[in-house]
Structures are given as structure tokens and as C-alpha cells.
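Data block below; observations after.
Just so we're clear, the structure is a prediction, and the values are computed from it rather than from any experiment. Naming convention: chains lettered A, B, ... in sequence-line order (proteins, then strands); numbering from 1 in each chain.
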Amino acid sequence: MMDDTEQPLITNEFLQVVSLIPYGKVATYGQIAKLSGLPKHARHVGFALKKLDNHSDLPWYRVVNSQGKISLQKENERGENLQVLKLQNEGVFIVDGKINLKQYQWNTYE
DNA sequence: AACATGACCCTAA
DNA sequence: CTTAGGGCCATGT
């Protein structure tokens, strides 16, 4: 039997890392890619997340770009961004559409 | 196979 | 501070 469980990409690696982002913290696309061992694939992190369903358990909303801005532009009927709401709900302050990474970025050192 | 696209990143100006 | 350009590479057509 053929067992073609081959992934479109190494998507699972990305999602694995995303699931590790602590509550109330955020990580950048590049950071996720790097931690997954694929530093050149920052773009594909977003690509992988886009293919997710909104009812996924993954904290996809904790992923922002390197400038601390929300990359997802999609809005609901109220003109609100779901990612913004999710983050604010975790206590992440967003000023002028930007997040202070110095304060909220997931520090993988230690 | 070639071309366009993308929830990006980095540097220069 | 913002914008522009080049780099990157899997996916879709």
C-alpha cells in the first residue's frame, strides 16, 4: 500500500513551534522559521498558517512580523482584526497597530 | 517547465 | 519614523 502522508511542506515543524509560544507572548515569522531549523523560510510560516482553519487550537495569532505589526489584513464585518482581538484578550497591548517586541516577544534564550 | 504570488526579512536611504 | 528594493523559496496556475 502506498502511504503518501507526505506534507505539502515541513508545515508540521512550523506548527509545532507555534504551539510553544507562551500565553501573552508573540513570535515573529522569521523566529519560527529559525527555530524550525529553516531560517530562509520565513514566508512559508505565514503560508502554512494561512492554510489553517480559524477553529484550530494553534495560537497562530501570536505570530507577527519583524516590525511588531500584524500581517494578517483580513477583517470581520465590524472592521476588526481577529488577530488583534485575540492578542489584546491575552493582555498584549497594541499601540498604533504595533506591538512592542522588546516587551512581548517570546525570548527563546535563557 | 516558466512565471507569478505570498499572514516575510533585512538593509539602505 | 517610512518606503523601496533585493533576497528567499514552496505553491499554484
Side-chain angles (χ1 to χ4, degrees):
Chain A
M1 310 307 280
M2 22 192 172
D3 202 298
D4 277 271
T5 45
E6 200 171 337
Q7 297 302 123
L9 180 58
I10 16 59
T11 306
N12 286 335
E13 283 302 308
F14 293 145
L15 303 185
Q16 169 66 31
V17 177
V18 170
S19 71
L20 299 177
I21 306 173
Y23 181 96
K25 290 288 184 178
V26 300
T28 67
Y29 295 92
Q31 186 177 6
I32 298 299
K34 200 171 187 177
L35 291 173
S36 300
L38 299 161
K40 307 297 181 61
H41 295 60
R43 315 187 70 139
H44 301 108
V45 174
F47 203 91
L49 294 180
K50 183 161 74 170
K51 297 205 295 185
L52 282 179
D53 281 329
N54 288 8
H55 51 73
S56 171
D57 294 336
L58 282 164
W60 56 268
Y61 50 84
R62 294 185 190 143
V63 184
V64 299
N65 66 31
S66 64
Q67 304 172 67
K69 293 181 182 175
I70 303 298
S71 291
L72 179 60
Q73 297 303 315
K74 193 175 181 65
E75 298 178 343
N76 62 20
E77 54 284 334
R78 284 195 250 169
E80 299 170 320
N81 184 306
L82 178 59
Q83 184 169 14
V84 171
L85 298 179
K86 289 273 198 180
L87 289 174
Q88 293 180 328
N89 189 49
E90 295 193 349
V92 176
F93 277 69
I94 301 176
V95 183
D96 282 329
K98 289 179 295 184
I99 294 169
N100 185 332
L101 292 180
K102 297 282 188 186
Q103 181 178 7
Y104 294 108
Q105 182 167 30
W106 176 28
N107 185 354
T108 53
Y109 272 113
E110 309 288 352

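If you take CD on A:Gln83 and CD on A:Gln73, they are separated by 9.5 Å, rounding to the nearest 0.5 Å. One distance of note links CG of A:Leu87 with CD1 of A:Ile99; it measures 5.0 Å at 0.5 Å rounding. Rounded to the nearest 0.5 Å, atoms CD (A:Gln88) and CG (A:Asn81) are 9.5 Å apart.
Legend: ring-ring contact (aromatic ring centres under 6.0 Å, His included) pairs involving residues 69-106 of chain A, not counting sequence neighbours: none detected.
Checking the phosphate oxygens (OP1, OP2) of B:dC8, no side-chain nitrogen or oxygen of A:His41 falls inside 4.0 Å.
Each of B:dA7, C:dC8, B:dC9 was ranked by its minimum atom distance to the side chain of A:Gln83; first place goes to B:dA7. Between B:dC9, B:dA7, C:dC1, one nucleotide has an atom nearer to the side chain of A:Asn65 than all others, and that is B:dC9. Distances were taken from every side-chain heavy atom of A:Ala42 (C-beta onward) to each of B:dC8, B:dA7, C:dT2; the shortest belongs to B:dC8. Nearest to the side-chain atoms of A:Leu72 among the listed nucleotides B:dG6, C:dT2, B:dA7 stands B:dA7. The side chain of A:Arg43 sits closest to B:dC8 out of B:dA7, C:dA10, B:dC8. Picking from B:dA7, C:dC1, B:dC9 the nucleotide with the shortest atom distance to the side chain of A:Ser66 gives B:dC9. Comparing atom distances between the A:Thr28 side chain and each of B:dC9, B:dA7, C:dG7 picks out B:dC9 as nearest.
Summary of the strand contacts: A:Phe47 and A:Lys40 both lie near DNA chain C, and taking for each the nucleotide with the nearest heavy atom, the more 5' one is attributed to A:Lys40.
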